[in-house]
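Below is one structure, written out as structure tokens, with a few remarks after it.
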Amino acid sequence: MALDFLAGCAGGVAGVLVGHPFDTVKVRLQVQSVEKPQYRGTLHCFQAIIKQESVLGLYRGLGSPLLGLTFINALVFGMQGNTLRALGRDSPLNQFLAGAAAGAIQCVICCPMELAKTRLQLQEAGPARTYRGPLDCLAQIYRQEGLRGVNRGMASTLLRETPSFGVYFLTYDVLTRALGCEPGDRLLVPKLLLAGGTSGIASWLSTYPVDVIKSRLQADGLQGAPRYRGIVDCAQQSYRDEGWRVFTRGLASTLLRAFPVNAATFATVTVVLSYARGEEARLEGDAGSATLAQPSSL
């Protein structure tokens with residue numbers, strides 16, 4: 001379990017640093033007003049943020065995912081591996097179920113973390129800002145709205161994370177087997193990057209409309225009176241006011257982010273696990289038995 005934890009942390013750091021600018025753009029596109037949109041698209045949003053806030057504006061709210069990644073990755077990779085072992089057989093269905101279990105359990109940390117991240121990404125820059133950081137953000141929300149406020153968007157987070165993590169781990173396992181990712185392969189790292197990046201894209205495509213709803217619920221009331229009574233009401237109002245395309249808003253920046261983030265995350269986790277377990281086997285005088293350690297079979 002310690003190796004799962006360390007590898008998950010390393011993969012999480014790599015993924016967050018690569019992908020956070022894309023996430024900032026995604027959130028701003030998802031929640032902008034349809035009557036007075038600030039941004040014309042993904043590229044314009046990137047350019048506007050850099051022009052108005054410098055490159056650091058793209059990393060606003062970075063502290064929140066970095067703060068939570070240790071626990072989230074330990075839960076995800078540990079839970080997925082333990083569930084797969086408990087199910088007893090490595091099959092496509094069990095891969096999906098183990099990933100779904102990992103996705104569901106990490107929502108306890110993921111939901112408050114993403115709430116703080118969303119609020120920090122959307123607040124105005126400068127001394128008039130409402131929140132000083134992720135902990136201050138969550139503390140203020142708790143004082144004003146209690147535990148329910150801190151967990152705003154939990155149901156939509158569960159609806160997003162549970163199936164998407166099932167798709168995530170299943171796709172990675174299928175691709176690594178199909179690509180023949182074996183120790184000693186000179187193309188091992190590119191293959192792992194391809195498998196991880198493709199898994200991330202498949203995962204996001206499977207539940208993206210739910211993510212739009214989650215972002216809107218968590219941002220609701222930040223810049224005016226609250227609009228939504230819940231998931232169904234948010235979906236109905238969004239569709240009525242903006243049409244079906246609202247559920248794809250920010251998708252381009254999300255998919256641009258998904259490939260490099262998940263390529264970096266899965267490749268880092270797999271390489272760290274393989275190296276660590278290879279070292280263990282060598283120290284035990286059994287280096288010849290070391291095999292490629294995939295997250296899907298921890």
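Along the sequence shown, the residues carry numbers beginning at 1.
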Look only at the side chain of [X] and the backbone of [Y], and say whether a donor-acceptor pair between them is shorter than 3.5 Å.
{"X": "Tyr142", "Y": "Cys137", "result": "no"}
{"X": "Ser156", "Y": "Gly153", "result": "yes"}
{"X": "His20", "Y": "Gly15", "result": "no"}
{"X": "Arg257", "Y": "Gly19", "result": "yes"}
{"X": "Thr248", "Y": "Leu251", "result": "no"}
{"X": "Arg60", "Y": "Gln123", "result": "yes"}
{"X": "Asn94", "Y": "Leu84", "result": "no"}
{"X": "Gln106", "Y": "Leu75", "result": "no"}
{"X": "Thr162", "Y": "Leu158", "result": "yes"}
{"X": "Ser206", "Y": "Ser203", "result": "yes"}

Separation of [Y] [atom2] from [X] [atom1] (nearest 0.5 Å):
{"X": "Leu217", "Y": "Thr118", "atom1": "CG", "atom2": "OG1", "answer": "10.5 Å"}
{"X": "Cys110", "Y": "Glu161", "atom1": "SG", "atom2": "CD", "answer": "4.5 Å"}
{"X": "Trp244", "Y": "Tyr239", "atom1": "CH2", "atom2": "OH", "answer": "10.0 Å"}
{"X": "Ile105", "Y": "Gln80", "atom1": "CD1", "atom2": "CD", "answer": "14.0 Å"}
{"X": "Thr176", "Y": "Glu182", "atom1": "OG1", "atom2": "CD", "answer": "9.5 Å"}
{"X": "Leu179", "Y": "Leu187", "atom1": "CG", "atom2": "CG", "answer": "10.0 Å"}

Check: [Y] and [X] side chains under 4.5 Å, non-hydrogen atoms:
{"X": "Tyr168", "Y": "Phe266", "value": "yes"}
{"X": "Phe169", "Y": "Phe96", "value": "no"}
{"X": "Leu205", "Y": "Leu255", "value": "yes"}
{"X": "Arg129", "Y": "Leu120", "value": "no"}
{"X": "Tyr39", "Y": "Leu29", "value": "yes"}
{"X": "Val27", "Y": "Asp23", "value": "yes"}
{"X": "Val174", "Y": "Gln95", "value": "no"}
{"X": "Val150", "Y": "Glu145", "value": "no"}

For residues Lys214 and Gln218, is any side-chain donor paired with an opposing acceptor at under 3.5 Å?
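Yes, a side-chain donor-acceptor pair sits under 3.5 Å.
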Establish, from distance only, whether the side-chain atoms of Asn262 and Tyr172 form a donor-acceptor pair under 3.5 Å.
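Absent: no donor and acceptor within the cut-off.
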Distance-minimising heavy-atom pair for [X] and [Y]:
{"X": "Lys191", "Y": "Gly180", "answer": "NZ-O, 3.7 Å"}
{"X": "Pro92", "Y": "Leu170", "answer": "O-CD1, 3.5 Å"}
{"X": "Val31", "Y": "Ala219", "answer": "CG1-CB, 4.0 Å"}
{"X": "Cys181", "Y": "Leu192", "answer": "SG-CD2, 4.1 Å"}
{"X": "Val25", "Y": "Ser253", "answer": "CG1-CB, 3.9 Å"}
{"X": "Val18", "Y": "Ala264", "answer": "CG2-CB, 4.4 Å"}

Pair [X] + [Y], salt bridge at N-O below 4.0 Å:
{"X": "Arg227", "Y": "Asp233", "result": "no"}
{"X": "Asp220", "Y": "Arg152", "result": "no"}
{"X": "Glu114", "Y": "Lys26", "result": "no"}
{"X": "Arg216", "Y": "Asp211", "result": "no"}

Apply salt bridge (Lys or Arg N to Asp or Glu O under 4.0 Å) to residues Glu53 and Arg28 and explain how you reach the verdict.
CA-CA 14 Å; Glu53 307 170 39; Arg28 294 204 183 186; 2.8 Å; yes
Common cluster, [X]/[Y], ILVMFWY with side-chain heavy-atom separation under 4.5 Å:
{"X": "Leu188", "Y": "Leu194", "result": "no"}
{"X": "Met154", "Y": "Leu115", "result": "no"}
{"X": "Phe165", "Y": "Trp204", "result": "no"}
{"X": "Tyr228", "Y": "Val232", "result": "no"}
{"X": "Ile49", "Y": "Phe46", "result": "yes"}

For atom CZ of Arg240, is the number of surrounding heavy atoms from other residues, nucleotides or ligands below 6.0 Å larger than 12?
yes
Enclosure of Leu58 CG (heavy-atom neighbours >12, cutoff 6.0 Å)
yes
Can you check side-chain contact (heavy atoms from CB on, under 4.5 Å) on Leu159 and Ile231, steps first, answer last?
CA-CA 10 Å; Leu159 286 173; Ile231 295 173; 4.0 Å; yes
Could you walk me through whether Glu242 and Gln237 pass side-chain contact (heavy atoms from CB on, under 4.5 Å), step by step?
CA-CA 8 Å; Glu242 303 170 55; Gln237 285 197 48; over 6 Å; no
Leu175/Thr198 under side-chain contact (heavy atoms from CB on, under 4.5 Å): CA gap, chis, key distance, verdict
CA-CA 9 Å; Leu175 287 175; Thr198 305; 3.6 Å; yes
Worked check of side-chain contact (heavy atoms from CB on, under 4.5 Å) between Ile50 and Ser54
CA-CA 4 Å; Ile50 292 172; Ser54 80; 6.0 Å; no
